[in-house]
Amino acid sequence: MVWAARAEEAQQALEQLYWNPSINMYDIEIPCPDGACNTIFHYWWMAHAVDALADGLNRTGSDFYRERLESFYEGILSRNNGEWPNELYDDMEWMAIAWLRAYQATGVEKYKGAALLLWEDIQTGWNEHAGGGIAWQKPQLDYKNTPANAPAVILAARLYQAFGREEDLAWAHKIYNWLKASLVDPETGFVWDGMNRTGDGSIDKDWKFTYCQGVYIGAAVELYRITGDSAYLRDAERTAKAAADELLQGGLWPDEGDGDGGLFKGILIRYLGELASVSEERAELSALLEQQGQALWTRGADPARKVFSTFWSVQPEERVTLSTQLSGIMLLEQLAVLEKRGLTSTALSEEVQS
């Protein structure tokens with residue numbers, strides 16, 4: 001299993017190069033002598049690191065991932081002053097999604113508790129500015145954006161699937177309907193970032209991020225899984241096409257920097273992988289993901305350190321942020337899932353050889 005082996009190499013690089021046992025969290029970049037880089041607590045980066053560990057656990061069943069999740073839980077909680085909520089609704093959504101996945105992979109009740117506690121706080125972000133939607137942050141309740149709403153749909157839908165509470169499904173529908181009506185281009189399906197950021201009601205149509213496309217695709221896929229309504233699947237497929245038309249550069253997703261933007265492509269990749277699992281266009285989607293993976297592994301990775309570049313066809317610099325590394329891991333883990341389902345060319349070639 002080629003992609004599974006590559007995913008494991010990348011996960012081990014994350015462990016060996018980034019894990020900091022003195023804080024029970026990952027360093028936010030390498031090199032980071034004595035942990036000196038950790039001047040900022042990137043809460044939402046750590047949420048995606050939890051998600052990546054859940055990927056590794058689901059792929060391997062290894063106790064290593066279980067143990068790392070346990071210590072990581074304590075590290076994040078300690079760094080966040082002993083509580084889970086923070087000021088940013090999108091950050092909390094990512095943390096809740098990640099711990100829900102960790103709970104489903106391990107059965108550890110405190111992970112479920114963290115997800116449910118965060119979900120209760122997230123619901124307080126809904127208000128009637130701009131006709132609805134969840135605010136981006138608590139100090140700015142009239143600014144609504146895709147990053148604070150699409151992940152909330154994913155979370156609410158998965159909570160419904162996990163625990164069967166009808167109110168969670170109602171939330172998923174309500175948030176999705178507002179988001180589609182407010183921040184999705186009706187002509188193309190391309191997803192805009194936000195509205196009323198500057199207080200004048202305007203939509204940030206010039207902010208074209210892979211992230212926004214990915215989370216909307218993920219939201220639509222979750223509702224399709226629950227309802228079987230093909231309209232949601234069409235929404236996801238339409239946005240995937242719009243993202244490719246607008247953002248692919250020479251067949252690869254763009255360089256969006258090594259800060260928060262370092263995570264954006266990984267988020268898109270994760271939910272394109274989810275779409276490939278349900279779409280009749282799975283062959284095309286899988287081929288697109290594998291194209292990214294081949295570029296990353298052959299041109300965008302440091303072959304010695306197994307760390308990744310912000311653009312997946314050039315070598316990384318010595319400094320590599322945690323956000324960038326996590327996006328590479330998310331790509332490889334998604335390809336490992338597709339490989340297991342026989343949807344990658346590597347899996348097909350192995351089948352022929354055997």
Side-chain angles (χ1 to χ4, degrees), residues 3 5-57 59-60 62 64-65 67-76 78-80 91 94-95 98 210-211 252-267 269-270 292-293 295-336:
W3 292 114
R6 291 172 177 177
E8 187 61 23
E9 285 190 63
Q11 290 272 15
Q12 290 307 311
L14 178 69
E15 171 68 15
Q16 294 159 14
L17 299 176
Y18 290 85
W19 181 253
N20 186 333
S22 70
I23 57 174
N24 275 332
M25 292 197 306
Y26 296 101
D27 288 333
I28 64 170
E29 64 183 50
I30 58 168
C32 184
D34 302 318
C37 66
N38 297 311
T39 56
I40 299 173
F41 176 38
H42 286 293
Y43 178 106
W44 87 289
W45 294 16
M46 298 302 163
H48 286 283
V50 173
D51 226 358
L53 290 172
D55 289 335
L57 179 54
R59 174 173 48 80
T60 67
S62 169
F64 160 74
Y65 290 103
E67 292 163 6
R68 179 56 66 235
L69 283 165
E70 177 71 27
S71 52
F72 199 17
Y73 176 96
E74 298 301 333
I76 299 171
S78 174
R79 180 61 180 82
N80 204 50
D91 285 18
W94 287 122
M95 193 66 77
T210 56
Y211 174 9
L252 297 179
W253 300 112
D255 186 339
E256 292 170 288
D258 65 1
D260 285 347
L263 276 166
F264 288 4
K265 288 195 293 290
I267 292 167
I269 290 294
R270 180 180 294 285
Q292 314 302 306
L296 174 73
W297 196 255
T298 59
R299 304 196 300 275
D302 180 325
R305 295 185 295 165
K306 294 299 184 293
V307 296
F308 307 117
S309 173
T310 56
F311 187 55
W312 289 342
S313 69
V314 299
Q315 284 280 297
E317 298 178 357
E318 181 184 13
R319 174 182 174 272
V320 179
T321 58
L322 175 64
S323 57
T324 301
Q325 182 69 7
L326 290 172
S327 272
I329 289 172
M330 284 188 260
L331 171 56
L332 297 172
E333 290 285 9
Q334 282 301 307
L335 285 167

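Note that the structure is a prediction, hence the values are computed from the model and not measured.
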Side-chain donor/acceptor pairs under 3.5 Å, residues 44-51, sequence neighbours excluded:
unit_1: W44; atom_1: NE1; unit_2: D260; atom_2: OD1; d: 3.0
unit_1: W45; atom_1: NE1; unit_2: D260; atom_2: OD1; d: 2.8
unit_1: D51; atom_1: OD1; unit_2: R101; atom_2: NH1; d: 2.6

Under 3.5 Å, side chain of R305 to main-chain N/O of E318, donor-acceptor pair present?
-> yes
What distance do W253 atom CH2 and L296 atom CG have between them, rounded to the nearest 0.5 Å?
-> 15.0 Å
Test item: L326 and T321 side chains (from C-beta on) under 4.5 Å apart, heavy atoms = no
Does the side chain of L263 reach to within under 4.5 Å of the side chain of M330, using non-hydrogen atoms?
-> yes
A301 and P316 have their tightest heavy-atom pair at C-CD, 3.8 Å
Check the angle between the aromatic planes of W19 and Y26 and answer parallel, tilted or perpendicular using the 30° and 60° thresholds.
-> perpendicular
Measure the spacing between OG1 of T324 and CZ of F264 and express it to the nearest 0.5 Å.
-> 11.0 Å
What one should report as the nearest heavy-atom pair of A36 and C32 is N-SG, 3.6 Å
Passes side-chain contact (heavy atoms from CB on, under 4.5 Å), M25 versus N38? Steps please.
-> CA-CA 10 Å; M25 292 197 306; N38 297 311; over 6 Å; no
Would you find a donor on one side and an acceptor on the other, under 3.5 Å apart, between the side chain of E29 and the backbone of R319?
-> no
How about Y65 and Q11: do any of their side-chain heavy atoms sit closer than 4.5 Å?
-> yes
Does any non-hydrogen side-chain atom of D55 lie less than 4.5 Å from one of R270?
-> yes
Does any non-hydrogen side-chain atom of S327 lie less than 4.5 Å from one of W312?
-> yes
Return yes if some donor-acceptor pair links the side-chain N/O of K306 with the main-chain N/O of P303 below 3.5 Å, else return no.
-> yes
Salt bridge (Lys or Arg N to Asp or Glu O under 4.0 Å) filter on R59, not counting sequence neighbours, yields E8, E333
Q292 and L252, any side-chain heavy atoms less than 4.5 Å apart = yes
S62 OG to L53 CG distance, which is reported to the nearest 0.5 Å | 11.0 Å
Donor-acceptor contact present, side-chain T60 to main-chain G56, <3.5 Å | yes
Hey, are the side chains of F308 and L332 touching, using non-hydrogen atoms and a 4.5 Å cut-off?
-> yes
Using atom types as modelled and distance alone, determine if a side-chain donor or acceptor of S323 lies under 3.5 Å from a backbone N or O of D258.
-> yes
Roughly how far, to the nearest 0.5 Å, is the CG atom of L14 from the CD1 atom of I329?
-> 4.0 Å
So do the side chains of Y18 and V307 get within less than 4.5 Å of each other, counting heavy atoms only?
-> yes
Distance (rounded to the nearest 0.5 Å) between I28 CD1 and N20 CG | 11.5 Å
Considering residues, nucleotides and ligands other than E74, do more than 12 of their heavy atoms fall under 6.0 Å from its CD?
-> yes
Do the side chain of K265 and the main chain of T310 share a donor and acceptor less than 3.5 angstrom apart?
-> yes
Side-chain H-bond candidate by donor/acceptor type, N24 with S71, under 3.5 Å | no
Value rounded to 0.5 Å, distance of CZ in F41 from CD1 in I76 | 6.5 Å
